Amino acid sequence: MKTIFFKQALVVLFVPLLVTSCSLFKPKTEVSSATGWGYNNVSEGAFFTPPKNIEQVTGPGLVFVQGGMFVMGDIQEDVMSDWNSSPRRITVNSFYIDETEVPNIFYKEYLSWLSVVFDDPAYATINNLARPDSLVWREELSFNEPLVEHYFHHPSYNYFPVVGVTWKQAQDFCLWRSDRVNEKLLIQKGYLDKETIASIQGIGVEAFNTKSYILGEITPDPGKLAISLKNPFKNADGSPKERLSNDDGIMLPDYRLPTEAEWEYAAMAYKGGNYEPKTKAIKERGEELITSSHQFAWRNNRTGIRYKGNILSLEGAMQANFKRGDGDYMGISGGLNDNACPTAYIKSYFPNDFGVYNMSGNVSEWVADIYRPNSPQDGEDFNYFRGNVFTKMDLRSGKMERDSLGRIKNTSVLDAETKTRRNYQTNDLRNFLDGDVGSGVAYGYGTTTLIGDKTRVIKGGSWADMQYWLMPATRRYLEEDQSKSTIGFRCAMSRLGSQTQGAADGYDFSTKGKARRTGLF
């Protein structure tokens, strides 16, 4: 009797345990705190959320730059009397920026992809327009023909910064890089068929493009996870979501050129001056120090260009590739100072406190902004940028159109569409308050000046520049369709969500009498 009773008890205990364990495999149903209806449930409104709060990952080649406030503009005497960089306090959102300048090998990868995907002779113009201009090395009274012939092509220069690239070419490279990175992410996650990589020969405008993919203008084969019931992303009817969108958080924002404010902020890297206290009370953040200003893109020697720190063997070593004076590009044989002429390997010298290399010297760099002589005092003090031209998808033919590269075409927003808005009333703001009708300022481009609405800012100083131009605040300009042997570029990317890349971000005061640091759920 005892044995029978024991077996019955086991059965009674096992059944609820089995039911409970089975429930563990059911999708978790979240409930809206706004309406009380359930998420991820077809019978309760069919609103499906991502499987978790997805944190933006760091894209290939990028480093995270935590945003904040800084003084943008000159902090030293304006010895050139340019008066084009008035100091002002602004705040930039957290963002990402390339660890190094874009080297020749990355640009070769880009050209190789174009030549494979657009291999039809009809696309010859696309391939030709993307190539850097090797003739930028020529000078009237210099023998630079070896650089003309070999700088971009010889493998010994693979990891030296690409030059001879216009602002427009740099922009196109950024867009290409965005699509290639997102395509790779979708393949790695199982949302695109990995065999698509092997069949890109000659597909032209049908090659992967992020926006065209999201809008359904191209139809690459879905991956195994995309069509599986295990796909965590669902359509409204509960079926697997084969085509992902921005709502799902897998794809990254576009690579792009940094704004002038972002570039200067990343170069100054004030983060290193804000120490991390060791106390239990506030061990997660430093102090708000804005007095640790420095002249160049490094901190251990505020006014010099030689290393002064705790590595004795490097005491006195140069920290940038620049021109010390007329005729002195690298020092004297047997004791070269910056050890580079003309350009240097992209990871030469010390990185700054954000881990970014060569923000002073090596090559100057294109940024996104339109150039104007002064940093306007009436400009925005959050994410300052001059160059907005607001656009929308081009639907004038009644459907979406794509350009010769397969990208969705945009068209300008009409002023008639914005006339009732309060935040902006015109679509083209490149000359806003400095060259437009209301400003009372005129720029006679090509007649009295080379400043115009296609003139872009360059920053950072180069191998051919003297010390003054190495300061991050200094500014010069060039037309966006021109290039030089002293100008390269690096890419940036916007940071979405938290400002601290997954660490505690802000405080939650909802608990009585307590405040706790909050980050992602």
Side-chain angles (χ1 to χ4, degrees), residues 59-60 102 106-133 162 165-223 226-227 241-248 250-257 368 389-413 480-481 489 491 493:
V102 171
F106 292 178
Y107 207 84
K108 288 180 183 180
E109 180 186 355
Y110 166 50
L111 295 182
S112 175
W113 185 90
L114 285 178
S115 67
V116 170
V117 173
F118 296 93
D119 66 344
D120 191 292
Y123 293 125
T125 301
I126 290 175
N127 287 277
N128 290 334
L129 289 177
R131 294 191 180 101
D133 180 10
V162 66
V165 174
T166 68
W167 184 91
K168 288 182 176 180
Q169 288 174 318
Q171 282 281 88
D172 284 340
F173 174 90
C174 292
L175 293 174
W176 165 82
R177 186 175 174 185
S178 305
D179 294 334
R180 293 296 287 152
V181 167
N182 281 332
E183 183 181 24
K184 183 69 171 178
L185 281 172
L186 291 171
I187 290 171
Q188 288 176 332
K189 298 288 185 180
Y191 294 101
L192 285 185
D193 184 0
K194 63 181 180 181
E195 296 302 320
T196 58
I197 295 180
S199 56
I200 62 173
Q201 179 78 31
I203 62 176
V205 296
E206 297 307 312
F208 181 86
N209 170 265
T210 303
K211 194 168 183 179
S212 294
Y213 163 78
I214 291 172
L215 295 174
E217 286 295 295
I218 57 171
T219 56
D221 294 334
I227 58 178
K241 187 177 181 180
E242 293 186 17
R243 183 184 304 279
L244 297 192
S245 67
N246 286 331
D247 293 345
D248 304 312
I250 298 297
M251 290 175 283
L252 293 175
D254 283 343
Y255 284 79
R256 56 178 173 77
L257 291 177
V389 180
F390 298 130
T391 62
K392 62 181 180 179
M393 198 181 304
D394 189 352
L395 299 174
R396 289 174 295 181
S397 66
K399 63 177 183 178
M400 287 178 287
E401 300 285 345
R402 290 193 289 161
D403 64 17
S404 59
L405 289 170
R407 297 172 185 154
I408 301 295
K409 284 184 179 181
N410 284 347
T411 187
S412 295
V413 173
E480 61 187 29
D481 58 357
F489 70 101
C491 303
M493 180 185 290

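Index from 1, following the sequence. Bear in mind that the values here come from a model prediction, so they are computed numbers and not experimental data.
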Holding to side chain to side chain contact (heavy atoms under 4.5 Å, CB included), I want the full list of residues that pass it with [X], two or more places apart in sequence or in another chain.
X	value
Lys211	Asn209, Leu215, Met393, Ile408, Asn410
Gln171	Trp167, Leu257
Asp248	Phe233, Lys241, Leu244, Ser245
Gln188	Lys184, Leu185

Legend entry - For Tyr107, ring-ring contact (aromatic ring centres under 6.0 Å, His included) partners two or more places apart: Tyr110, Phe173
Is the shortest heavy-atom distance from the side chain of [X] to the side chain of [Y] under 4.5 Å?
X	Y	answer
Leu111	Asn127	no
Tyr213	Leu186	yes
Phe106	Val162	no
Leu114	Tyr123	no
Asp254	Met493	no

Would you please name every residue forming a side-chain hydrogen bond (donor to acceptor under 3.5 Å, both in side chains) with [X], sequence neighbours left out?
X	value
Lys189	none
Gln201	Asp119
Lys108	Asn158
Asp120	none

Inset, instruction - Kindly say whether Gly406 contributes a backbone atom to a donor-acceptor pair with the side chain of Ser212 at under 3.5 angstrom? - result: yes
At what distance, to the nearest 0.5 angstrom, does [atom1] of [X] lie from [atom2] of [Y]?
X	Y	atom1	atom2	answer
Ile200	Phe208	CD1	CZ	13.0 Å
Phe489	Thr166	CZ	OG1	9.5 Å
Phe118	Leu405	CZ	CG	5.0 Å
Gln169	Asp133	CD	CG	8.0 Å

Check [X] against [Y] and note the closest heavy-atom contact, atom names and distance.
X	Y	value
Ala207	Ile218	O-CD1, 3.8 Å
Ile214	Asn246	CD1-OD1, 3.6 Å
Pro60	Arg177	O-NH2, 2.9 Å
Pro222	Ala226	CB-CB, 3.9 Å
Thr210	Ser178	OG1-O, 4.1 Å
Val205	Ser404	CG1-O, 3.3 Å

Legend entry - Flag if over 12 foreign heavy atoms under 6.0 Å of NZ, Lys392: yes
Inset, instruction - Using the salt bridge (Lys or Arg N to Asp or Glu O under 4.0 Å) rule, collect all pairs that involve residues 394-409, keeping only residues at least two apart or in two chains. - result: Asp172-Arg407, Glu206-Arg402, Asp394-Arg396
Legend entry - Contacts of Glu183 that satisfy salt bridge (Lys or Arg N to Asp or Glu O under 4.0 Å) - sequence neighbours left out: Arg180
Inset, instruction - With sequence neighbours left out, write down each residue that passes salt bridge (Lys or Arg N to Asp or Glu O under 4.0 Å) with Arg243, or none if nothing qualifies. - result: none
